[in-house]
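Note that the numbering runs from 1 along the sequence shown for the chain. What's counted below: heavy atoms across the whole structure, side chains too, no hydrogens, waters or symmetry copies.
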Amino acid sequence: MKLTILGGGGFRVPLVYGALLTDRAEGRVTEVVLHDLDAGRLSAVARVLSEQAADVPDAPAVTATTDLDEALTGADFVFSAIRVGGLEGRANDERVALAQGVLGQETVGAGGIAYGLRTVPVAVDIARRVARLAPDAWVINFTNPAGLVTEAMSGHLGDRVIGICDSPVGLGRRIARVLGANSKEAWIDYVGLNHLGWVRGLHVAGRDELPRLLADPGLLGSFEEGKLFGVDWLRSLGAIPNEYLHYYYFNREAVRAYQQAEKTRGAFLRDQQARFYEAVAAPGARALDVWDRTRAEREATYMSENRETAGAGERDADDLSGGYEKVALALMRAIARDERTTLILNVRNRDTLSALDGEAVIEVPCLVDANGAHPVAVAPLPGHATGLVCAVKAVEREVLAAAESGSRMTAVKAFALHPLVDSVNVARRLVEGYTQVHPGLAYLK
């Protein structure tokens, strides 16, 4: 079985390959093809993968190419993890937004819109190529903004593109851990959009254990989200929000913290990864050791500004292990081997949430089998959550319309309608700023 990884020179690719090596029960991937536009990054990551596989018998063969059509032809699964504009683009997204006093985070607010506007045309081109060169392939989309990009690709691939994110999985795992439950045996009632969802229940043996957590201030304040959002706010919501909702519920504090930080997250990662690729290229370098050290630093500093704002302290050691690669492999295994499982995924709504149309991509528990991912029926969201979901989905639709039409006016509308951009004039200045720094937005006229 051939697995193609788009963005194959990306820093997190060794997580996927490492999971393939340790999960030998998968046993079906015989070939991994890395595709990237940057041959130097491809070479560096290939070195890390080679060291990972050094003592593993029958490890999947790895090849690398800068030819997209070659990479896609004959693929059974395609992992799409591209970053249009690179980390320099992310740093620019943050800088332009913060200069206007609004959030520049890569998936939320102005930064997410800018990232989406330059990513959607590329993702659509990939989807068209997959449909032509590998029509039976399943595309697992890692590329952010994951829900928006998955929806763009679904217009050409239908249900054969599925978006994934490790945030809901990590959240469910943390809730289960603090309750003394096994997350693998729990049903997590999670509903929303990518990076905009809420855990409303955690059911073990038919019993919802979330009320017990919400009723105990000590337990509730003992894990990441309790520290981040505060016990009183979580009890007021009656649910545990995805960590990215901190950007909405504490927006002014988050913007202030980002403005005062020595570096934005994108600038930090840009500089950190530049050092990584340079170090791996050095003669005699132990590529895997360099990667391990860099990854540990990356995970420990995740959302550090938000935690500082909330006084949440350092991340728990148990939360530093990532997990998106495990979600991806579980999804691939369920489809390839028809091993039915339940995963929280980004899929087309159908009739799951009545407030949205059937084509809208949402993030919900899904039953997965050889025929793909099927969203599970869920109870409606409360009014405040429905309003936010509908508002953000409306923005995503304007981003898709702008990417398709090339309309600058529609792009302004997308920024202006976002709940975290509070001015049409600010939206106009954002579009002006982003088109000046991103060659990938030259199509907006």
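Taking 4.5 Å as the limit, every side-chain heavy atom of Leu87 sits out of range of all side-chain heavy atoms of Phe268. A heavy-atom distance below 4.5 Å is found between the side chains of Tyr244 and Ser167. Taking 4.5 Å as the limit, some side-chain heavy atom of Leu356 sits within range of a side-chain heavy atom of Cys390. Taking the side chain as every heavy atom from C-beta outward, Leu72 and Leu6 approach each other to under 4.5 Å. Contact check for Leu381 versus Arg200: side-chain heavy atoms found under the 4.5 Å cut-off. Side chains of Thr4 and Phe79 form no contact here, defined as non-hydrogen atoms less than 4.5 Å apart. The shortest side-chain heavy-atom distance between Thr30 and Pro60 does not fall under the 4.5 Å cut-off. Side-chain contact between Trp291 and Val45: absent, with no pair of heavy atoms (C-beta onward) separated by less than 4.5 Å.
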message: I'd like to know whether Leu117 forms a side chain to side chain contact (heavy atoms under 4.5 Å, CB included) with Tyr443, so could you lay out the CA-CA distance, the side-chain angles of the two residues, the decisive distance to 0.1 Å, and finally the verdict.
response: CA-CA 10 Å; Leu117 283 170; Tyr443 72 88; 3.9 Å; yes
message: Run the salt bridge (Lys or Arg N to Asp or Glu O under 4.0 Å) test on Arg397 and Asp357 for me, step by step, so that the C-alpha distance in whole Å, both residues' side-chain angles and the decisive distance to 0.1 Å come before the verdict.
response: CA-CA 12 Å; Arg397 289 290 170 73; Asp357 63 75; 2.7 Å; yes
- prompt: Where do Lys393 and Glu396 land on the salt bridge (Lys or Arg N to Asp or Glu O under 4.0 Å) test, with the steps shown first?
  reply: CA-CA 5 Å; Lys393 179 54 69 176; Glu396 291 184 352; 2.7 Å; yes
message: Go through it in stages, so that I can follow the logic: the residues are Glu106 and Arg83, the test is salt bridge (Lys or Arg N to Asp or Glu O under 4.0 Å), and I'd like the CA-CA distance, side-chain angles, deciding distance and then a yes or no.
response: CA-CA 11 Å; Glu106 71 165 334; Arg83 180 174 289 280; 3.0 Å; yes
- request: Start with the C-alpha gap between Ile335 and Phe77, add the side-chain angles, then the distance that decides, and say whether side chain to side chain contact (heavy atoms under 4.5 Å, CB included) holds.
  value: CA-CA 10 Å; Ile335 293 174; Phe77 285 88; 4.0 Å; yes
- request: Go through the steps for Leu171 and Tyr190 under the test side chain to side chain contact (heavy atoms under 4.5 Å, CB included), then give the verdict.
  value: CA-CA 10 Å; Leu171 175 55; Tyr190 180 95; 4.3 Å; yes
- request: Decide side chain to side chain contact (heavy atoms under 4.5 Å, CB included) for Ile82 and Val122; before the verdict, give the C-alpha distance in whole Å, the side-chain angles of both, and the deciding distance to 0.1 Å.
  value: CA-CA 9 Å; Ile82 63 173; Val122 179; 3.8 Å; yes
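For the pair Gly10 and Asp36, the tightest heavy-atom approach, listed with the atom from each and the gap, is N-OD2, 4.0 Å. When all heavy atoms of Tyr115 and Pro145 are compared, the pair lying nearest together is CD2-CD, 3.9 Å. Scanning all heavy atoms of the two residues, the minimum distance from Gly8 to Val13 falls at O-CG2, 3.6 Å. Between Asp67 and Asp69, the shortest heavy-atom contact is OD1-N, 3.1 Å. For Ile126 against Met153, the heavy-atom pair with the smallest separation is CG2-CE, 4.0 Å. Val290 approaches Ala279 most closely through the heavy-atom pair CG1-CB, 3.9 Å.
Defined by atom type and a distance below 3.5 Å, a donor-acceptor pair is present between the side-chain atoms of Thr107 and Gln105. For the residue pair Asp159/His374, the side-chain donor-acceptor check at 3.5 Å is not satisfied. Side chain to side chain, Glu94 and Tyr258 fail the donor-acceptor criterion of an N or O pair below 3.5 Å. Thr65 and His35 form no side-chain donor-acceptor contact under 3.5 Å, judged by distance and modelled atom types alone. Asp93 and His438 form a side-chain donor-acceptor contact under 3.5 Å, judged by distance and modelled atom types alone.
Distance OG1/Thr410 to NZ/Lys413: 7.0 Å, rounded to 0.5 Å. To the nearest 0.5 Å, atoms SG (Cys165) and CG (Leu345) are separated by 10.5 Å. Note: Ile5 CD1 to Leu42 CG = 10.5 Å, rounded to the nearest 0.5 Å. Taken from OG1 in Thr341 to NZ in Lys184, the straight-line distance is 10.5 Å, to the nearest 0.5 Å. We find the CD1-CD distance between Ile164 and Glu325 to be 8.5 Å, quoted to the nearest 0.5 Å. Remark: Leu34 CG to Arg41 CZ distance equals 12.0 Å, nearest 0.5 Å.
Glu31 places no side-chain N or O within 3.5 Å of a backbone atom of Val62 that could act as its donor or acceptor partner. Ser43 contributes no side-chain N or O that, together with a main-chain N or O of Gly40, makes up a donor-acceptor pair within less than 3.5 Å. Looking at Ser154, its side chain never comes within 3.5 Å of a backbone N or O of Leu157 through a donor-acceptor pair. Not one N or O on the side chain of Asn349 forms a donor-acceptor pair closer than 3.5 Å with the backbone of Asp351. A donor-acceptor contact shorter than 3.5 Å is absent between the side chain of Asn141 and the backbone of Gly163. Counting only distance, with no hydrogens or angles, the side chain of Thr150 and the backbone of Gly147 share no donor-acceptor pair below 3.5 Å. Under the 3.5 Å distance criterion, the side-chain polar atoms of Ser50 are left unmatched by any main-chain donor or acceptor of Ala46. Between the Arg47 side chain and the Val280 main chain, a donor and an acceptor come within less than 3.5 Å of each other. Judged purely by atom type and a 3.5 angstrom limit, Arg118 uses its side chain to pair as donor or acceptor with the backbone of Val84. At distances below 3.5 Å, at least one donor-acceptor pair connects side-chain atoms of Arg160 with backbone N or O atoms of Ala137.
The environment of Gln259 atom CD is dense: over 12 non-hydrogen atoms of other residues, nucleotides or ligands sit within 6.0 angstrom. Shown here is Arg132, whose CZ atom has more than 12 heavy atoms of other residues, nucleotides or ligands within 6.0 Å.
Annotation: ring-ring contact (aromatic ring centres under 6.0 Å, His included) contacts involving residues 344-369, sequence neighbours excluded, are absent.
Electrostatic pairing of Glu88 and Arg95 does not count as a salt bridge here, judged by no charged N lying under 4.0 Å from a carboxylate O. Between Arg275 and Glu278, no side-chain nitrogen of the basic residue sits less than 4.0 Å from a carboxylate oxygen of the acidic one, so the salt-bridge criterion is not met. Looking at Glu359 and Arg350, no side-chain N of the basic residue comes within less than 4.0 Å of a carboxylate O on the acidic one, giving no salt bridge.
In this pair, His384 and Trp198 present their aromatic rings perpendicular. The plane angle is above 60°, beyond the 30 to 60° band.
A cation-pi contact links Arg12 to Tyr324, judged by a cut-off of 6.0 Å to the six-membered ring centre and 45° from its axis.
Tested against Leu196, the residues Ile362, Val108, Leu388, Asn242 include a single side-chain contact (heavy atoms from CB on, under 4.5 Å) partner, Leu388.
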